[in-house]
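Working notes, beginning with the structure itself.
Naming: A, B, ... by sequence-line order, numbering from 1 per chain.
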Number of protein chains: 2
Amino acid sequence: MKFSADDILDAAARVVLTRSGSPPVAEIAREVGAPVGSVYYRFASRDELLVSLWLRSVRDFQQGFMAACRLEPAADAVVAAARHIPVYCREHPAEARAMTLYRQAELVRAAPESLRDEVATVNDQVNALSLELTRRRYGVADEWRTTLLTTATRQCPYGLVRPHLGGPIPDWIDDATAACARAIAALGD
Amino acid sequence: MKFSADDILDAAARVVLTRSGSPPVAEIAREVGAPVGSVYYRFASRDELLVSLWLRSVRDFQQGFMAACRLEPAADAVVAAARHIPVYCREHPAEARAMTLYRQAELVRAAPESLRDEVATVNDQVNALSLELTRRRYGVADEWRTTLLTTATRQCPYGLVRPHLGGPIPDWIDDATAACARAIAALGD
DNA sequence: GACAATTTAGAACATGGATTCTAAAACTGT
DNA sequence: ACAGTTTTAGAATCCATGTTCTAAATTGTC
């Protein structure tokens with residue numbers, strides 16, 4: 001087996017880092033050193049390849065994020081989870097870029113049949129942890145506070161990092177992220 | 001003149017609102033009720049059309065943003081400028097979506113020759129105001145504090161709004177944006 | 001070593017969509 | 001009304017890229 005699925009995904013990740021938008025199959029093939037036919041031997045379609053890359057990247061990211069969510073006390077967990085986003089993106093630029101290829105909400109409808117289920121459930125564990133974190137932080141986990149913490153730990157940090165993806169992520173972003181996370185979380189007190 | 005440039009841009013804006021990514025020329029033509037040839041009579045290329053739309057949307061957005069930047073005292077201006085972003089995106093969903101079509105940094109290189117200059121200078125006025133606002137807010141406008149205020153008034157608000165573009169923008173986003181703006185701005189004190 | 005299954009190769013094909021082209025229609029000024 | 005200019009029309013062309021196909025090479029098995 002000259003070209004494993006992971007070899008191809010690794011190459012795809014490298015390519016994604018160097019261009020904006022989704023790369024053509026031919027470019028991924030060139031990067032891994034295979035003809036396009038070989039790529040199609042592993043993946044049924046370009047979509048399946050890129051969505052697989054997205055899934056793999058998201059899962060890799062979630063590991064550290066979930067670890068941060070479990071910290072005590074809850075207030076620290078919120079800040080740590082938020083900080084994890086710029087930190088992860090700095091250390092894993094290719095995965096970070098790959099995660100921007102799709103948004104989960106769209107993929108649930110648009111992903112190839114074979115990956116639809118994985119896409120639909122990929123956030124389940126994280127969402128469960130978010131709910132638990134909300135309960136720990138506020139005592140209750142009503143919808144409003146859950147949304148608030150999701151914003152503080154995910155949306156806002158991601159929004160701050162996003163413009164830097166593709167280049168180096170300045171260190172001060174981490175502090176700005178932490179400050180925002182605290183400020184947003186405080187709205188629920 | 002059956003189809004003015006602005007008619008076509010208006011149609012393009014409407015189309016952009018209904019799909020993710022840049023629309024095909026044929027779809028814009030259909031929306032304005034013209035054959036594709038007529039679209040190409042007004043715009044040299046699809047890129048020129050879409051970059052024009054981007055420019056028009058950015059300029060429309062900047063009006064209110066700059067007004068907010070001029071408020072006194074400076075601390076209020078920071079919060080008002082930040083808030084302007086979710087407010088504008090809520091009231092002008094099509095323009096908001098159009099602004100996401102490109103990032104200025106990329107366009108400076110990639111835009112059609114004829115629009116390159118406009119793209120390069122489109123932020124000049126806003127940047128000048130940001131610098132002045134920084135001076136008012138902190139007494140000095142060193143690079144660090146200028147970056148901080150740009151993050152507080154633009155990057156962070158935009159990051160918070162972004163996931164909601166295409167749908168309704170919840171009202172609480174405005175408060176989260178304001179809280180973040182204050183928190184980030186405070187890092188420079 | 002021979003046979004089967006897997007994997008690689010890359011040329012051929014298909015398609016969506018941008019762009020061009022030419023003719024017709026609609027204006028404009030005289 | 002006429003000549004000239006602008007604008008509309010939409011079919012034809014072109015191109016990038018995704019996908020398929022068939023043959024060759026490799027690997028695994030008895």
Side-chain angles (χ1 to χ4, degrees), chain A residues 1-55 97-98 101-102 106-107 109-116 119, chain B residues 1-55 97-98 101-102 106-107 109-116 119:
Chain A
M1 179 196 303
K2 222 163 149 188
F3 313 110
S4 71
D6 269 321
D7 289 341
I8 295 171
L9 291 185
D10 291 342
R14 287 194 299 277
V15 171
V16 161
L17 202 50
T18 71
R19 52 151 51 229
S20 77
S22 325
V25 176
E27 206 162 323
I28 297 170
R30 176 149 32 86
E31 175 70 26
V32 75
V36 291
S38 303
V39 172
Y40 276 90
Y41 182 73
R42 293 287 172 193
F43 296 94
S45 69
R46 174 177 179 269
D47 269 8
E48 194 174 301
L49 194 170
L50 291 174
V51 173
S52 295
L53 175 63
W54 182 85
L55 274 169
R97 208 83 196 326
L101 249 33
Y102 304 101
E106 292 163 14
L107 273 192
R109 284 175 292 103
E113 185 56 32
S114 60
L115 297 172
R116 199 84 50 95
V119 167
Chain B
M1 179 195 301
K2 220 161 149 188
F3 314 111
S4 72
D6 269 321
D7 289 342
I8 296 172
L9 291 185
D10 291 342
R14 287 194 299 275
V15 171
V16 161
L17 203 49
T18 72
R19 49 150 55 228
S20 78
S22 325
V25 175
E27 206 163 321
I28 297 169
R30 176 149 31 87
E31 175 70 26
V32 75
V36 291
S38 303
V39 172
Y40 275 90
Y41 182 74
R42 293 287 171 196
F43 295 94
S45 70
R46 174 176 178 270
D47 269 8
E48 195 175 299
L49 194 169
L50 291 174
V51 173
S52 295
L53 175 63
W54 182 85
L55 275 169
R97 208 82 195 324
L101 249 32
Y102 304 100
E106 291 164 13
L107 273 192
R109 283 175 294 99
E113 184 57 31
S114 60
L115 297 172
R116 200 84 52 92
V119 167

- Given that A:Tyr41 and A:Gly37 both sit by DNA chain C, which one's nearest nucleotide is further toward the 5' end? A:Tyr41
Nearest-0.5 Å distance that lies between atom [atom1] in [X] and atom [atom2] in [Y]:
X: B:Lys2; Y: B:Ser38; atom1: NZ; atom2: OG; answer: 8.0 Å
X: B:Ile28; Y: B:Leu49; atom1: CD1; atom2: CG; answer: 5.0 Å
X: A:Leu107; Y: A:Leu101; atom1: CG; atom2: CG; answer: 9.0 Å
X: A:Phe3; Y: A:Asp10; atom1: CZ; atom2: CG; answer: 13.5 Å

- Search all heavy atoms of A:Ala111 against all heavy atoms of A:Arg116 and return the closest pair with its distance. O-NE, 2.8 Å
- Task: Give the minimum heavy-atom separation between B:Tyr102 and B:Leu50, together with the two atoms involved.
- Result: OH-CB, 3.2 Å
- Got a sec? Which of residues 43-55 of chain B come in under 4.0 Å of DNA chain D, heavy atoms? none
- Task: Would you grab the first and last nucleotide of DNA chain C (5' to 3') that comes under 4.0 Å of any non-hydrogen atom in chain A?
- Result: C:dT6 to C:dA11
- Message: Given 3.5 Å as the limit, does a donor-acceptor pair link the side chain of B:Arg42 with the main chain of B:Ile8, or not?
- Response: no
- Return yes if some donor-acceptor pair links the side-chain N/O of A:Arg97 with the main-chain N/O of A:Leu17 below 3.5 Å, else return no. no
- Message: Regarding A:Pro24, tell me which of base, sugar-phosphate or nothing describes its non-hydrogen contacts under 4.0 Å with the strands shown.
- Response: sugar-phosphate
- Query: Taking atom C1' of D:dG18 as reference, at what distance in whole Å does atom CD1 of A:Ile8 sit?
  - Reply: 15 Å
